[in-house]
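Owing to the predicted nature of the structure, the values given are computational and were not obtained by experimental measurement.
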Amino acid sequence: MSGWRTLPESAVEQVRSDVRDDPYLRYILLLSVVMVGFWFWHRIPNFATRDEYSRLLDAMTVYGSVLEEPSFEGLKAGVEWGRAPFGATLYLYILAIFPVVLVAAITGDLGAFTTIAFPGWAFGHYEVWAATPEWIWTWSLVFVRLTNVVAALCAVYLTYRLGVAIEGRNAGRLSAVVLSLTFGFLTISKEAGEDMPALAFVLLALYLLIRYVQTDDGSLFLVASAAGGVAIAFKLTAAPVILLIGVAFLLRAHAADAPLTETLYRPKLLLSGALLGFAMIILGFPTALVAGAEPFIERVFGGSTSRMSHTTGPDAPMWWWFLRGYFSALGLPLFAAAAASVVATVATLRDRGSAFHGTVLVLTGLTAYIVMFSQWHDFRVHHLLPTFPLIALLVSGRLVQLRERSTSFARPVMAVLLVTTAVYAGVGTAQFASMPRDEATAWLEYNSEEGDVVETYRVHIQDTAIPHSMPARYSFDEDDAQGAMHCPRYIQIGYRDLLYLKEDTYYRNGDAQATYLRNLLNEEENYEIVAEFGERPPNFVPQRPTPGSFTDLLRLGVVPHTDQFADEQELAANQYTLILERTGECDPERDPPF
């Protein structure tokens, strides 16, 4: 085994060597920086997803709790408060926002963190969001999103390394380019969360496993086991990495020039790897360290199994959910190339060439994720993220192989695929510079005056376009709302509100709400439309893909920003925002049915 201490040094030297020896790599990485980092600050100081706000607020609550009570009990209370024990993301974000906490201490704003501790849940913790200085949210979100950008760049480089290790430098370059142009990958790089860090560690584990199979270096197996444990600590859906570790062990035994019974009998290596991976999972869950085993066990076994029946979208065949996700994430040309590449790769396994073992591991990972998601009721694009680099590797491998057989045929195929994918991803990425909610927020900030209130019918601040400095009315249970709060100057209606106008949706059903919204839109409630942002649906009724309809899905693979069922990160189509302004006297009996 090579020395453990030399592994970090070897990794740094490998990166230097790649940049030095491959004249194209620096340009590929520059392309990746532009694509994954473009407009990553959209929606700030609001949130891109509910995952983003909850993960950030978890870290801020720990700081607030410890500052309020600097003891183990204060730490325990802060860690236990979170929406759920989401593992290693808490460590990452505590480190990421440390500069903000430090500046707050210097400027005398540290009290903002102590007041954050244990905030109320109403409207996505709106009260604490509105009370905390805007600069704290802005820079905290900037830093946590930058961790995602860095993780995305690491994923691109590791995909390059995987391609090189499996099929050579050309395959590495092409796989990195394909991943950098995968729109689903790019959308997730612009939001905070555990998906991208988990992906980086899955890819690291996969690369180390391939090198282990090629070299029989046991230390690589152990580090891969540790990396897999860290990936699972970030996100439980990284669990297929366990299967990858087992398959890699079998492949190494198969590749060794010795009887199979001898090569398989390595109990010390297997046990050490299993214990190391398990230790990384335990250490990766702060809750397990401060609150004991019960919440950890509930999260790992209870939370993960409940996802199979947890409903976040309409009932539809599983093939529809897969096509919906992959059409949107890849675009139709890349999806077609991916499907063809999977079939072609399986067909080439009989040749058992030099790329055999690495290709088997890639196919194993892809199959494991597909099987896992097929057991769910539904899933979103970000759940498919770990499969995007695997698809990029398969596509690039088959294209390089095609070029070796017929250059005249391969070149136009590669050109068409890369150009169409680049256009699809480029248009989608460029649209982040002009998102409807960002524009609506800017409009309200510019046109509103002190004391103005905006009313919204959403259940979460992430779904709205509200300036940080503007009061919002979001609850209609109180009978004593008076003045500007009872009769706000502005009312905001979003895309999801309009779903009340569409018959038979799987949610947002209600005759009273539909009638009220239609009267508002007809300007019959002493409010008139003064601004709208995004593309207005026909007659204000959303036209969503019909669950189970293949033809309705085709548009998702042509237009990047399309309607997304159940996605928390809403792209431009879901961000349509309409603003109405009061024009007459307020009706004292006014009572929105929400």
Peer 1: Atom OG of S140 and atom CG of L56: how far apart are they, to the nearest 0.5 Å?
Peer 2: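 So the gap between those two atoms works out to 5.5 Å.
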
Peer 1: Quick one, T387 with Y326, criterion side chain to side chain donor-acceptor pair (under 3.5 Å). Give me CA distance, side-chain angles, the key distance, then yes/no.
Peer 2: CA-CA 10 Å; T387 67; Y326 279 121; 2.7 Å; yes

Peer 1: For A48, does its backbone N or O pair with a side-chain atom of E52 as donor and acceptor, under 3.5 Å?
Peer 2: yes

Peer 1: How close do P197 and L92 get, counting heavy atoms only, and between which atoms?
Peer 2: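 Taking P197 first and L92 second, the nearest heavy atoms are CG-CD2, 4.0 Å.
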
Peer 1: Quick check against the 3.5 Å criterion: does H42 have a side-chain atom that pairs as donor or acceptor with the backbone of W39?
Peer 2: no

Peer 1: Could you walk me through whether F183 and V427 pass side-chain contact (heavy atoms from CB on, under 4.5 Å), step by step?
Peer 2: CA-CA 9 Å; F183 182 59; V427 170; over 6 Å; no

Peer 1: Between K190 and F38, is NZ or CZ placed under 6.0 angstrom from the six-membered ring centre and within 45° of the ring axis?
Peer 2: no

Peer 1: Show your working on ring-ring contact (aromatic ring centres under 6.0 Å, His included) between F123 and Y474 and close with a plain yes or no.
Peer 2: CA-CA 7 Å; F123 197 43; Y474 56 88; 4.5 Å; yes

Peer 1: Is there a side-chain contact between F335 and L323, using heavy atoms and a 4.5 Å cut-off?
Peer 2: yes

Peer 1: Taking the side chain as everything from C-beta on, heavy atoms only, tell me whether M435 gets closer than 4.5 Å to H561.
Peer 2: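 Yes, close enough: below the 4.5 Å cut-off.
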
Peer 1: Just checking, is any N or O donor in the side chain of H377 or D315 under 3.5 Å from an acceptor N or O on the other one?
Peer 2: yes

Peer 1: Minimum heavy-atom separation for P488 to V453, with atom names?
Peer 2: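 In terms of heavy atoms, the two residues are closest at CB-O, 3.4 Å.
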
Peer 1: Could you please spell out the steps behind the side-chain contact (heavy atoms from CB on, under 4.5 Å) verdict for W321 and W319?
Peer 2: CA-CA 5 Å; W321 283 102; W319 64 261; over 6 Å; no

Peer 1: Just by distance, do the side chain of Y576 and the backbone of R437 share a donor-acceptor pair under 3.5 Å?
Peer 2: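 Checking the backbone N and O of R437 against the side chain of Y576, no donor-acceptor pair under 3.5 Å is found.
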
Peer 1: Quick one: do R145 and E191 satisfy salt bridge (charged side-chain N to carboxylate O under 4.0 Å, His left out)? Show the steps, please.
Peer 2: CA-CA 6 Å; R145 288 194 191 174; E191 63 181 55; over 6 Å; no

Peer 1: Between E455 and R489, is the closest basic N to carboxylate O distance under 4.0 Å?
Peer 2: no

Peer 1: Does R458 use its side chain to pair, donor to acceptor, with the backbone of I493 at less than 3.5 Å?
Peer 2: no

Peer 1: Say you draw a straight line from CZ of F594 to OG1 of T456; how long is it, rounded to the nearest 0.5 Å?
Peer 2: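 Separation between the atoms: 9.5 Å.
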
Peer 1: As an exercise, state the distance from CG of L390 to CG of L385, rounded to the nearest 0.5 Å.
Peer 2: 10.0 Å

Peer 1: If I compare all heavy atoms of P547 with all of P314, which pair ends up nearest, and what's the gap?
Peer 2: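 Smallest heavy-atom distance, with atoms named: CG-CG, 3.7 Å.
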
Peer 1: Among L578, L444, T441, which one satisfies side chain to side chain contact (heavy atoms under 4.5 Å, CB included) with Q492?
Peer 2: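 For Q492, the side chain to side chain contact (heavy atoms under 4.5 Å, CB included) test succeeds with only one of L578, L444, T441, which is L444.
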
Peer 1: Hey, can you tell me if W121 and H125 have their rings parallel, tilted or perpendicular (30° and 60° cut-offs)?
Peer 2: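 Plane angle between 30° and 60°, so tilted.
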
Peer 1: Do R473 and V454 have side chains that approach each other closer than 4.5 Å (heavy atoms only, starting at C-beta)?
Peer 2: no

Peer 1: In the structure I gave you, are the side-chain heavy atoms of L498 and L501 within less than 4.5 Å of one another anywhere?
Peer 2: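 L498 vs L501: side chains touch.
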
Peer 1: For P537 versus Y495, what's the shortest heavy-atom pair and its separation?
Peer 2: CG-CE1, 4.2 Å

Peer 1: Of the options E525, E528, E523, which is the one that meets T583 in a side chain to side chain contact (heavy atoms under 4.5 Å, CB included)?
Peer 2: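 Exactly one option meets the side chain to side chain contact (heavy atoms under 4.5 Å, CB included) with T583, and it is E528.
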
Peer 1: Please identify which of these residues, Y457, Y527, F476, Y500, meets the ring-ring contact (aromatic ring centres under 6.0 Å, His included) condition with Y516.
Peer 2: Y457

Peer 1: Is there a donor-acceptor pair under 3.5 Å between the side chain of R582 and the backbone N or O of G584?
Peer 2: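 Such a contact is found between R582 side chain and G584 backbone.
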
Peer 1: Is it the case that T505 and N509 place a side-chain donor and acceptor less than 3.5 Å from each other?
Peer 2: yes

Peer 1: Closer than 3.5 angstrom, by distance alone: can the side chain of W137 be matched with the main-chain N or O of N46 as a donor-acceptor pair?
Peer 2: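 Absent.
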
Peer 1: Any side-chain heavy atom of N574 within less than 4.5 Å of one from R544?
Peer 2: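 N574 reaches R544 side chain to side chain.
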
Peer 1: Could you tell me whether the side chain of S65 and the main chain of G74 form a donor-acceptor pair under 3.5 Å?
Peer 2: yes

Peer 1: Side chain of R55, backbone of A192: donor and acceptor closer than 3.5 Å?
Peer 2: no

Peer 1: Identify the two heavy atoms, one from A472 and one from M485, that lie closest to each other, and give their separation to 0.1 Å.
Peer 2: O-SD, 4.1 Å

Peer 1: What do you reckon, is CG of D511 surrounded by more than 12 foreign heavy atoms closer than 6.0 Å?
Peer 2: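 No, the 6.0 Å shell around CG holds no more than 12 heavy atoms from other groups.
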
Peer 1: For T114 and G111, indicate whether the former's side chain and the latter's backbone hold a donor-acceptor pair under 3.5 Å.
Peer 2: yes

Peer 1: Would one find more than 12 heavy atoms of other residues, nucleotides or ligands at under 6.0 Å from atom CH2 of W139?
Peer 2: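 For W139, atom CH2 is not crowded (no more than 12 foreign heavy atoms under 6.0 Å).
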
Peer 1: Using the side-chain contact (heavy atoms from CB on, under 4.5 Å) rule, take V541 and Q543 through it: C-alpha gap first, then chi angles, then the decisive distance, then the call.
Peer 2: CA-CA 6 Å; V541 181; Q543 306 298 306; 3.9 Å; yes

Peer 1: Would you mind telling me which of F550, F379, F327, F373 makes a ring-ring contact (aromatic ring centres under 6.0 Å, His included) with F322?
Peer 2: F379

Peer 1: Go through the steps for E524 and R518 under the test salt bridge (charged side-chain N to carboxylate O under 4.0 Å, His left out), then give the verdict.
Peer 2: CA-CA 9 Å; E524 298 174 3; R518 180 57 72 185; over 6 Å; no

Peer 1: How long is the straight-line distance from CZ of F185 back to CG of D195, given to the nearest 0.5 Å?
Peer 2: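 Separation between the atoms: 11.5 Å.
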
Peer 1: Evaluate R555 against V558 for side-chain contact (heavy atoms from CB on, under 4.5 Å), listing each step before the verdict.
Peer 2: CA-CA 5 Å; R555 185 175 184 273; V558 178; 5.5 Å; no

Peer 1: If you round to the nearest 0.5 Å, how far is CG of L141 from CZ of F40?
Peer 2: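 One finds 10.5 Å between CZ of F40 and CG of L141.
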
Peer 1: Below 4.5 Å, heavy atoms only, C-beta onward: do L332 and Y424 meet side chain to side chain?
Peer 2: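 Side-chain contact under 4.5 Å: no.
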
Peer 1: State the CG-CG distance between L330 and L181, to the nearest 0.5 angstrom.
Peer 2: 11.5 Å

Peer 1: Taking the inter-plane angle between the rings of Y53 and F47 on a 0 to 90° scale, is it parallel (under 30°), tilted (30 to 60°) or perpendicular (over 60°)?
Peer 2: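 Ring orientation, 0 to 90° scale: tilted.
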
Peer 1: Can you give me the closest heavy-atom contact between F234 and A198, atom names plus distance?
Peer 2: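 Answer, listing the atom of F234 first, then A198: CB-CB, 3.8 Å.
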
Peer 1: Just one of V62, L95, T287 clears the side chain to side chain contact (heavy atoms under 4.5 Å, CB included) bar with L90, so which one?
Peer 2: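 Considering V62, L95, T287, a side chain to side chain contact (heavy atoms under 4.5 Å, CB included) with L90 is found only for V62.
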
Peer 1: Answer whether the closest heavy-atom distance between the side chains of E532 and E439 falls below 4.5 Å.
Peer 2: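 In short, these two side chains do not touch, never coming nearer than 4.5 Å.
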
Peer 1: Answer yes or no: is there a donor N or O on one side and an acceptor on the other, between the side chain of T132 and the main chain of W129, under 3.5 Å?
Peer 2: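 No: the side chain of T132 does not pair with the backbone of W129.
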
Peer 1: Does L199 reach the side chain of P389, with side-chain heavy atoms less than 4.5 Å apart?
Peer 2: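 Of all side-chain heavy-atom pairs linking P389 with L199, at least one is under 4.5 Å.
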
Peer 1: Would you say the side chains of S189 and N148 form a donor-acceptor pair under 3.5 Å?
Peer 2: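 Not at all, the side chains of S189 and N148 share no donor-acceptor pair under 3.5 Å.
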
Peer 1: So if I apply the side-chain hydrogen bond (donor to acceptor under 3.5 Å, both in side chains) rule between D463 and each of R496, Q575, R50, which one comes out positive?
Peer 2: R50

